[in-house]
Protein chains: 2
Amino acid sequence: MLTIGTLAKKTGTKVQTIRYYEQIGLMPEPGRTGGGQRRYGDAELDRLSFVRHARQLGFSLDAIRELLDLSDHPGKSCAEADAIARRQLKQVEQRLARLEALRTELKRMVHECSGGQTSDCRVLEVLRDHSECLTEHEQIGA
Amino acid sequence: MLTIGTLAKKTGTKVQTIRYYEQIGLMPEPGRTGGGQRRYGDAELDRLSFVRHARQLGFSLDAIRELLDLSDHPGKSCAEADAIARRQLKQVEQRLARLEALRTELKRMVHECSGGQTSDCRVLEVLRDHSECLTEHEQIGA
DNA sequence: TTTACATCCTCTAGCTACTGTAGGTTCAAG
DNA sequence: CTTGAACCTACAGTAGCTAGAGGATGTAAA
């Protein structure tokens, strides 16, 4: 039986985050000691590991909820899980494209800074000037 | 003189976002009509364009605040603006590296899915198995 | 057994950067 | 003068946590 702190360490999660996952129903309510402290078993460790791994891969908590649901029902079609992963891949690729464009522009800004006064600073100038923008009025995808 | 709606359109910003920027002190309080509606001039248009452009480049509002401050004081050294841009570039490059690793793993997941039942779904399996993880317990950088 | 102290508990608020809604007012065109 | 789009304030909500207050519990050493 693991305390919440041990579970946190084993999965690289903060204690508060585990309680938060419980609160939003992503983790089940665990058993408690007489004094009311949470105690976890291997099933919870596995589930939390799954969640954290998926988070590292950029899946949203909603997507993870779907994936956990699929994984809880082994008879269901694999196609759904595949679709979720594909959606995720697509998003990742879109972000990559954006970030690459940003890198190019930032590099240009940095390399053209000559180190004088801000009045002739290229960094500020570039930000003031929209004409070389990637795409006008595009949303930032963080 | 521009209404807030016109300013919004010209800069690709939502009206509420402009009011929000005013609230947090990123945009100045503009003049008002007798009836209390905001009216903007070219200075505000420039400032908001600057802010939006910087946001598109991934600068945080705090970083933008610093940049605006530098740009308001043309005597200051350009080095600070350059440092902010360099910090930003570094972050972008870190995110790129992470996302590329994610793309690799997601591609592997997706391509190995054979379309059977979830019980032998590679997507779920990969998420269950941490052994091939990029780096253990790494934070996700959104 | 007592005491120390790390860890646990709940609850609430805060973070970033917005976005949306409700309920009401103002402005410009026809 | 009327219509209706656009404006106003104020507040709540989003994701995904994170931090803090103030107090209870668990464990190990003295």
Side-chain angles (χ1 to χ4, degrees), chain A residues 1-27 29-40 44 48 50-68 88 91 95 98 137-142, chain B residues 1-27 29-40 44 48 50-68 88 91 95 98 137-142:
Chain A
M1 284 300 164
L2 307 169
T3 65
I4 196 170
T6 314
L7 184 64
K9 247 171 230 156
K10 280 193 187 241
T11 55
T13 317
K14 302 234 163 155
V15 166
Q16 291 102 310
T17 306
I18 298 175
R19 290 200 277 246
Y20 168 72
Y21 286 165
E22 183 184 326
Q23 196 186 307
I24 62 169
L26 209 61
M27 288 293 289
E29 290 189 21
R32 302 265 184 156
T33 63
Q37 298 196 354
R38 292 168 179 83
R39 289 298 121 99
Y40 295 93
E44 283 102 333
L48 185 54
F50 183 102
V51 171
R52 293 310 288 175
H53 195 181
R55 284 296 296 139
Q56 280 172 3
L57 287 172
F59 288 90
S60 71
L61 292 182
D62 269 358
I64 293 171
R65 227 185 280 270
E66 286 183 74
L67 288 168
L68 281 168
Q88 195 55 33
Q91 272 184 28
R95 284 192 208 165
R98 279 228 53 145
H137 300 170
E138 213 178 337
Q139 289 247 346
I140 179 163
Chain B
M1 284 299 163
L2 308 168
T3 64
I4 196 170
T6 314
L7 183 64
K9 248 171 231 155
K10 279 193 187 240
T11 55
T13 316
K14 300 236 162 157
V15 167
Q16 291 103 311
T17 305
I18 298 175
R19 290 200 277 246
Y20 168 72
Y21 286 165
E22 183 185 326
Q23 196 187 306
I24 62 169
L26 209 61
M27 288 294 288
E29 291 189 20
R32 302 266 184 156
T33 63
Q37 298 197 353
R38 293 169 178 82
R39 288 299 121 97
Y40 295 93
E44 281 102 333
L48 185 54
F50 183 102
V51 171
R52 294 311 288 176
H53 195 181
R55 283 295 296 139
Q56 280 173 5
L57 287 172
F59 289 91
S60 71
L61 292 183
D62 268 358
I64 292 171
R65 225 185 282 270
E66 287 183 74
L67 289 168
L68 281 168
Q88 199 56 32
Q91 271 183 29
R95 284 191 207 166
R98 282 228 49 150
H137 300 169
E138 214 178 333
Q139 290 249 344
I140 178 160

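Naming: A, B, ... by sequence-line order, numbering from 1 per chain.
Each of R38(B) and T33(A) lies near DNA chain D, and the nucleotide nearest R38(B) is the one positioned closer to the 5' end. Where G35(B) and D62(B) each meet DNA chain C at their nearest nucleotide, the meeting point lying more 5' is that of D62(B). Residue-to-nucleotide proximity on DNA chain C shows that, of Y40(A) and Q23(A), the 5′-proximal contact is made by Y40(A). Between Q16(B) and T6(B), the residue whose closest nucleotide on DNA chain D is further toward the 5' end is T6(B).
Regarding K14(B), its NZ atom lies at a distance of 17 Å from the C1' atom of dC7(D), rounded to whole Å. Atom-to-atom, OH of Y20(A) to P of dA13(C) comes out at 17 Å; the value is rounded to the nearest Å. If you measure from atom CZ of R19(A) to atom C1' of dC8(C), you get 7 Å, rounded to the nearest angstrom. Atom CZ of R39(A) is separated from atom P of dT27(D) by 6 Å (rounded to the nearest Å). In this structure, CD of E29(A) is placed 13 Å from P of dC9(C), rounded to the nearest angstrom. Nucleotide dG26(D) holds its C1' atom 16 Å from the CG atom of L2(A), rounded to whole Å. Between I18(A) atom CD1 and dT18(D) atom P the separation is 11 Å, expressed in whole Å. Rounded to whole angstrom, the span from the CD1 atom of I64(B) across to the P atom of dC18(C) amounts to 8 Å.
Taking only side-chain nitrogens and oxygens, Y21(B) never comes nearer than 4.0 Å to OP1 or OP2 of dA17(C). OP1 and OP2 of dG16(D) both lie 4.0 Å or more from every side-chain N or O belonging to R52(A). The side chain of T17(B) places no N or O atom within less than 4.0 Å of a non-bridging phosphate oxygen (OP1 or OP2) of dA17(C). The phosphate of dT26(C) has neither OP1 nor OP2 within less than 4.0 Å of any side-chain N or O from R32(B).
Under the side-chain hydrogen bond (donor to acceptor under 3.5 Å, both in side chains) criterion, Q37(B) pairs with R39(B), not counting sequence neighbours.
Residues V51(B) and T11(B) form no side-chain contact, since every pair of their non-hydrogen atoms from C-beta on lies 4.5 Å or further apart. Annotation: side chain of K9(A) is not in contact with side chain of L2(A) (no heavy-atom distance under 4.5 Å). Put simply, the side chain of Y21(B) reaches to within 4.5 Å of the side chain of L61(B), judged on heavy atoms. At a threshold of 4.5 Å between non-hydrogen side-chain atoms, the residues Y40(A) and T6(A) do not count as touching. Here the side chains of K10(A) and L48(A) are not in contact, with every heavy-atom distance at 4.5 Å or above.
Residues S60(B) and R55(B) come closest through the heavy atom pair CA-NH1, 4.0 Å.
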What N/O pairs connect the protein and nucleotides 4-6 of chain D at under 3.5 Å? Give each pair on its own line.
none

